Amino acid sequence: MWEIVSSLHRLQTRSGRVAFTGWLNQARDDLRQRELLRTVQHLLLPLAPRAAYFPDFLTPPQGLLGVEPGVEAVLATPRRRVRRELARLQTQQGRSVWARGLADGDGEIRTTVGRALHAYHQAAVAPHWPLIEASVATDRAVRIRALQTGGVHALLESFAPMMRWRSPVLEVQHPAERSIHLDGRGLLLIPSYFCWRIPVALADPLLAPTMIYPIAPELRRWDTTEPCPDHVIEPTLIRLLGTTRARVLQEAQYTRSTTEIGRAVQVSAASVSQHAAVLREAGLIDSRRHGGAVLHSLTTLGRALLAGRILPLPENASRIVPKVPSHR
C-alpha cells in the first residue's frame, strides 16, 4: 500500500519527474487505456495528496503482505478513525461528498474506493512489480549487510545523508518539524521504490512507529526486462557462458556478495571473482565494494540476456565459448 500511495504522489508533483519519466509515461497511458484517469484524479489523488499529511489508514501494516490484505485492511478501518483522519485531511483539501460518505461508513463508497485502489494497482504498479521488487530487494540487501557487519549503529549510519544518526536520536530530513518517541516500540523501516528523497512516517504517534524511505537512486531500475526464474537458464546461455558462469550471472540478479554467490553456486570465492570479472568486462554485471564485501548486480544488458529479452543466441553459440575465458 505504501507503493500505491507513493506512486500516486509521483503523479501529482514535478519532484522526481526525470527519474520516473519511464514509469510516468507508461502509467498514464495504461490508466488512459483502462479509462481510469478520471477515477484516479477525482477519487484517489484527493484521498492521498502530495502534502504534509495524508490519512494513515491508507497504509496499514497488512499492506506488507500484499495488495489484497492491504485493501481489505483499508476498508475495515474503524469508522471513528476514518472520520478523524479525513477531518484532518479536509482542513487541507476541503470537504467532498465522497469523503463525507467514506467517513460516515457508507458501504457503497467504501466499495468504490476499494475497487479504485485495486484497479489503479493493476494498471500502474502490478505490471512493473518484478522490477520494483528487485530494486527494493537490492537496497534491503545493502541495509542487512550493514546490520550484520556493524550492528544497529552501522545500519542507521547507512541512511546518510537523508537521515543522520546521533545516538540516541535519528534525525530525518522532513519539511515539517515533529518528534517521534519510540518508547521501546522499535521502528519499522520500509524501503520504497516510489518514495522520493524524503522519508515518510505515519502521522499518528499512537500507531506502531513506521517509516518508509527512498531507495538509493542508483538502485532504482527502469527497463522492460524481468528477473529470470530460479533454476531456469536457457540452454543456449549455458553453452555460451558455461554452467558456472551462467549461474553466477543468475545469482547477480539478487545483488549478492562474492561469498554469497560462491555458496549458492558451490564454488570458491576466488572462482566467483574470476567469473565476475569476465561478466563485468562484457557489460553484464556491475560490482561495487560495500564495507568488507563486493556486491554484484545485473546491468540492464545482463538482465535482458538472463530473461531472454534480447535477440536469440545463435545455433552455434557453443563455438563462441573459446573466445571468452572460461573458469569452470
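Throughout, residue positions are numbered sequentially from 1 according to the sequence presented. The shown structure was predicted, so the numbers you read here are calculated from the model rather than taken from an experiment. Reckoned from all heavy atoms, side chains included, excluding hydrogens, waters and symmetry mates.
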Checklist line | Arg178 atom CZ, over 12 foreign heavy atoms within 6.0 Å | finding: yes

Margin query: Are Val152 and Val169 connected into the same hydrophobic cluster when the rule is that any two of I, L, V, M, F, W, Y join if their side-chain heavy atoms are below 4.5 Å apart?
Written below: no

Margin query: Please tell me whether Leu45 and Phe20 are part of a single hydrophobic cluster in this structure, the criterion being side-chain heavy atoms less than 4.5 Å apart.
Written below: yes

Notebook entry, point to check: Checking ring-ring contact (aromatic ring centres under 6.0 Å, His included) for the pair Trp23/Phe194: CA distance, chi angles, key distance, verdict?
Noted result: CA-CA 10 Å; Trp23 175 81; Phe194 288 108; 4.7 Å; yes

Check: Is Met163 linked to Ile212 within one hydrophobic cluster, defined over Ile, Leu, Val, Met, Phe, Trp and Tyr using a side-chain heavy-atom separation of less than 4.5 Å?
Finding: no

Check: With hydrophobic residues grouped by side-chain heavy-atom distances under 4.5 Å, do Leu89 and Ile109 end up in a single group?
Finding: yes

Note to self: If you define the side chain from C-beta out and look only at heavy atoms, does anything of Arg288 sit under 4.5 Å from Val294?
What the structure shows: no

Next item on the list: State plainly whether the residues Asp139 and Arg143 are in salt-bridge range, i.e. N to O under 4.0 Å.
Entry: yes

Checklist line | Heavy atoms of other groups near Glu171 CD, more than 12 under 6.0 Å | finding: yes

Check: What are the two closest non-hydrogen atoms of Asp56 and Asp204, and how far apart are they?
Finding: OD2-N, 2.8 Å

Check: Are Glu251 and Arg247 ion-paired here, with the side-chain N under 4.0 Å from a carboxylate O?
Finding: no

Check: Got more than 12 heavy atoms from elsewhere within 6.0 Å of CZ, Arg17?
Finding: yes

Checklist line | Separation between CZ of Arg197 and CE of Met162, rounded to the nearest 0.5 Å | finding: 12.5 Å

Check: From Leu284 CG over to Leu241 CG, what is the distance, rounded to the nearest 0.5 angstrom?
Finding: 7.0 Å

Item checked: Of Leu202, Leu189, Val200, Ile190, the residue whose pairing with Met211 passes side chain to side chain contact (heavy atoms under 4.5 Å, CB included) -> Leu189

Margin query: Would the distance check show the side chain of Glu3 and the main-chain N or O of Cys195 forming a donor-acceptor pair, the cut-off being under 3.5 Å?
Written below: no

Margin query: Please find the pair of heavy atoms, one from Arg220 and one from Tyr193, that lie closest to each other, and give the distance.
Written below: NE-O, 2.8 Å

Notebook entry, point to check: Side chains of Arg280 and Asp286: closer than 4.5 Å at any heavy-atom pair?
Noted result: no

Next item on the list: Assess whether atom CZ of Arg32 is packed by more than 12 heavy atoms of other residues, nucleotides or ligands within 6.0 Å.
Entry: yes

Check: Can a cation-pi geometry be assigned to Arg88 and Tyr53, taking NZ or CZ under 6.0 Å from the six-membered ring centre and within 45° of the ring axis?
Finding: yes

